[in-house]
Amino acid sequence: MRRTVYNEDHESFRQTLRAFIEGEVVPQYEEWLAAGQAPRDFYRKLGELGVFGIEVPEEYGGAGIESFKFQAVISEETARAGVAFGGSGVHVALCLPYLKAYASDEQMKRWMPGFVSGDTMFAIAMTEPGTGSDLAGMKTTARLSDDGTHYVLNGAKTFITGGVHADRVIVCARTAPPSADDRRFGISLLVVDTASEGYAVGRKLDKIGLKTSDTAELSFTDVKVPVADLLGEENKGFSYLGQNLPQERLGIAFGAYAQAAAAIRFTKQYVQDRTVFGKSVASFQNTKFELAACQAEVDAAEAVADRALEAHDLGELTAAEAASAKLFCTEVASRVIDRCLQLHGGYGYMNEYPIARLYADNRVNRIYGGTSEVMKMIIAKSMGL
């Protein structure tokens, strides 16, 4: 079916990006997998390509394009090639919206040159050991110094994507106790320099998938954070965190759809090349029926993802619609990728095949950004249930 979500600019970017992936990522990707992260210099190459500046306002050195569609193209092209851009997705998809919405002009002038070039990589630290999705229960604290010049940050975070390579981390911390009627009160966002004394990167976490994404534990011991690095207003951080959730969930939905489409591409090629009993695997009726069923599901996921993408660019994507798109696309992807792996037989279980890596990478889509169960709660609430 013909898609209408993209224009010539998006398709031109797609071709540039595809050539970049083939030349700069695919040849080195096995090394990245073995190392458990993309090399730091790769992010500067993404900066040179202009990937980090697409949505940055022109006055701060970016292209000033208010659209998530270029990020969607990146999701499609990386999935198509069976690769990932390390932990850099958080830099733009998660961190930039907070900076654009809440950073002062002075902060943007200070941070954006490095953000756009890839010299200053950003990550965001919300989750803590033992609290999971309960952000209001966080224990990390930031106490204002007696002279009012800086905060003293103490605590720990976990599951921080991009946490190893990050130069600045948006840290969610308690600057005041929760109020009697609102336990979410008292959380603030601090943009912490990772070179600060007392800031430490702990374990680089060993995940079952997303192997090139540097996910880490962080700890803060009396870290001094200048008040000039407070993002937005003090004690209002929790409300800020909720503003970007629809875009975050849209990004996950679109990434899941792209992975499912890629799984069909990999599997179609495999079953056409692989022979058993003197015939190609593709010639068997079961293969045809399985892939046809997968294609029908991916067609539906594409329609859902595209609709949500258009709504987001128009500023009309609701929390419930984003939750619905995430739930549907991630559940479709899990089914499709599993069935495609089955068609690979034993080879599908080997990490040298992209379908195996895709199977492991895809699993987290139903967990992060809000679990499938949380998405159902949001949707049910919007239905008046």
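FYI, the numbering just counts along the sequence from 1.
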message: Between Q295 and D299, is the side-chain hydrogen bond (donor to acceptor under 3.5 Å, both in side chains) condition met? List the steps.
response: CA-CA 6 Å; Q295 186 62 58; D299 286 345; 3.0 Å; yes
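- The shortest non-hydrogen separation linking K69 to V5 is NZ-O, 2.8 Å.
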- request: Start with the C-alpha gap between T158 and E128, add the side-chain angles, then the distance that decides, and say whether side-chain hydrogen bond (donor to acceptor under 3.5 Å, both in side chains) holds.
  value: CA-CA 5 Å; T158 192; E128 296 185 359; over 6 Å; no
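- The list of ring pair (Phe, Tyr, Trp, His ring centres under 6.0 Å) pairs with a residue in residues 140-166, not counting sequence neighbours, reads Y43-H165.
- Here the CG atom belonging to L341 is positioned 12.5 Å from the CZ atom belonging to F266, to the nearest 0.5 angstrom.
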message: Run E331 and S372 through side chain to side chain contact (heavy atoms under 4.5 Å, CB included) and show every step you take.
response: CA-CA 8 Å; E331 295 290 338; S372 291; 3.0 Å; yes
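- Interatomic distance, R339 CZ to S334 OG, rounded to the nearest 0.5 Å: 10.5 Å.
- V298 and L309 fall within the same hydrophobic cluster, defined by Ile, Leu, Val, Met, Phe, Trp and Tyr side-chain heavy atoms under 4.5 Å apart, directly or through other members.
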task: Give the intermediate values and the outcome of side chain to side chain contact (heavy atoms under 4.5 Å, CB included) for residues S280 and R274.
output: CA-CA 6 Å; S280 72; R274 173 82 165 132; over 6 Å; no
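- The structure places CG of D214 at 11.5 Å from CH2 of W32, a figure rounded to the nearest 0.5 Å.
- The minimum heavy-atom distance linking T194 with A166 is given by the pair OG1-O, 3.0 Å.
- Counting only distance, with no hydrogens or angles, the side chain of T371 and the backbone of I367 share no donor-acceptor pair below 3.5 Å.
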message: N365 vs Q259, test: side-chain hydrogen bond (donor to acceptor under 3.5 Å, both in side chains). Steps then yes/no.
response: CA-CA 11 Å; N365 289 332; Q259 288 176 326; 2.8 Å; yes
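- A salt bridge does not link D273 to K268: none of the charged nitrogens lies less than 4.0 Å from a carboxylate oxygen.
- A donor-acceptor pair under 3.5 Å links the side-chain atoms of R174 to the main chain of F185, judged by distance alone.
- Checking side-chain atoms of Q107 against main-chain N and O of S104 turns up a donor-acceptor pair under 3.5 Å.
- Remark: K157 does not engage E217 in a salt bridge, criterion side-chain N to carboxylate O under 4.0 Å.
- Between the side chain of D167 and the backbone N or O of M121 there is at least one donor-acceptor pair closer than 3.5 Å.
- More than 12 non-hydrogen atoms from other residues, nucleotides or ligands lie less than 6.0 angstrom from CE of M350.
- A salt bridge links R335 and E297; the closest N-O separation between the charged side-chain nitrogens and carboxylate oxygens is under 4.0 Å.
- Across every non-hydrogen atom of V51 and V92, the tightest pair is O-CG2, 4.5 Å.
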task: Carefully, step by step, assess Y240 and Y98 under the rule ring-ring contact (aromatic ring centres under 6.0 Å, His included).
output: CA-CA 8 Å; Y240 297 162; Y98 291 111; 8.1 Å; no
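- Here the CD1 atom belonging to I252 is positioned 8.0 Å from the CE atom belonging to M375, to the nearest 0.5 angstrom.
- Between the side chain of Q71 and the backbone N or O of F68, no donor-acceptor pair lies under 3.5 Å.
- Using the six-membered ring where Trp is involved, Y270 and Y347 have ring planes that are tilted, between 30° and 60° apart.
- Between V116 and Y60, the closest side-chain pair of non-hydrogen atoms is not below 4.5 Å.
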message: What verdict does the side chain to side chain contact (heavy atoms under 4.5 Å, CB included) test give for L358 and R363, after you've listed the backbone C-alpha separation in whole Å, the side-chain angles of each residue and the deciding distance to 0.1 Å?
response: CA-CA 9 Å; L358 200 54; R363 185 59 185 87; over 6 Å; no
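- For the pair I337 and Y359, the tightest heavy-atom approach, listed with the atom from each and the gap, is CG2-CA, 3.7 Å.
- One distance of note links CD1 of I378 with CD of E373; it measures 12.0 Å at 0.5 Å rounding.
- Between I187 and C172, the closest heavy-atom pair is CG2-CB, 4.4 Å.
- Other residues, nucleotides and ligands place no more than 12 heavy atoms under 6.0 Å from the CD atom of Q285.
- The 12-atom threshold is exceeded at NZ of K204, counting heavy atoms of other residues, nucleotides or ligands nearer than 6.0 Å.
- Between E76 and R80 there is no salt bridge, since no side-chain nitrogen of the basic residue lies less than 4.0 Å from a carboxylate oxygen of the acidic one.
- Between the side chain of S12 and the backbone N or O of E8, no donor-acceptor pair lies under 3.5 Å.
- What you find for L153 and V192 is that their closest heavy atoms are CD2-CG2, 3.9 Å.
- Taking the side chain as every heavy atom from C-beta outward, Y6 and T4 never approach each other to under 4.5 Å.
- Between the side chain of R203 and the backbone N or O of L205, no donor-acceptor pair lies under 3.5 Å.
- Under the 3.5 Å distance criterion, the side-chain polar atoms of R44 are left unmatched by any main-chain donor or acceptor of S117.
- For F85 and F42, the ring centers are positioned less than 6.0 Å apart.
- Using a 4.0 Å cut-off between a side-chain N of Lys or Arg and a carboxylate O of Asp or Glu, R3 and E310 do not qualify as a salt bridge.
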message: side chain to side chain contact (heavy atoms under 4.5 Å, CB included) for L230 and S188? Distances and angles first, verdict last.
response: CA-CA 8 Å; L230 172 69; S188 300; 4.0 Å; yes
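- Residues L189 and M108 fall within the same hydrophobic cluster, defined by Ile, Leu, Val, Met, Phe, Trp and Tyr side chains chained together at heavy-atom separations under 4.5 Å.
- Ion pairing between a basic and an acidic side chain is recognised when a charged N comes within 4.0 Å of a carboxylate O; R143 and D222 show no such pairing.
- For the pair K207 and D361, the salt-bridge criterion is not met [side-chain N within less than 4.0 Å of a carboxylate O].
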- request: Decide yes or no on ring-ring contact (aromatic ring centres under 6.0 Å, His included) for F122 and F115, but give the supporting numbers first.
  value: CA-CA 7 Å; F122 279 70; F115 184 101; 5.6 Å; yes
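- Looking only at side-chain heavy atoms (C-beta outward), V169 and D193 stay at 4.5 Å or farther from each other.
- Of the charged side-chain nitrogens involved, at least one lies within less than 4.0 Å of a carboxylate oxygen, so that R14 and E11 count as a salt-bridged pair.
- I170 and V227 fall into different hydrophobic clusters, defined by Ile, Leu, Val, Met, Phe, Trp and Tyr side-chain heavy atoms under 4.5 Å apart, directly or through other members.
- Salt bridge annotation for K45-D41: absent, with no cationic side-chain nitrogen under 4.0 angstrom from a carboxylate oxygen.
- With R168 contributing its side chain and V191 its backbone, the two residues share a donor-acceptor pair below 3.5 Å.
- D229 places none of its side-chain heavy atoms less than 4.5 Å from the side chain of L190.
- A cation-pi contact links K279 to F284, judged by a cut-off of 6.0 Å to the six-membered ring centre and 45° from its axis.
- Around CZ of R307, the count of heavy atoms belonging to other residues, nucleotides or ligands within 6.0 Å does not exceed 12.
- No continuous path of ILVMFWY side-chain contacts below 4.5 Å connects Y257 to L210, so the two sit in separate hydrophobic clusters.
- Rounded to the nearest 0.5 angstrom, I21 CD1 and E77 CD are separated by 5.5 Å.
- When atom types are taken as modelled, the side chain of T78 and the backbone of A84 share no donor-acceptor pair closer than 3.5 angstrom.
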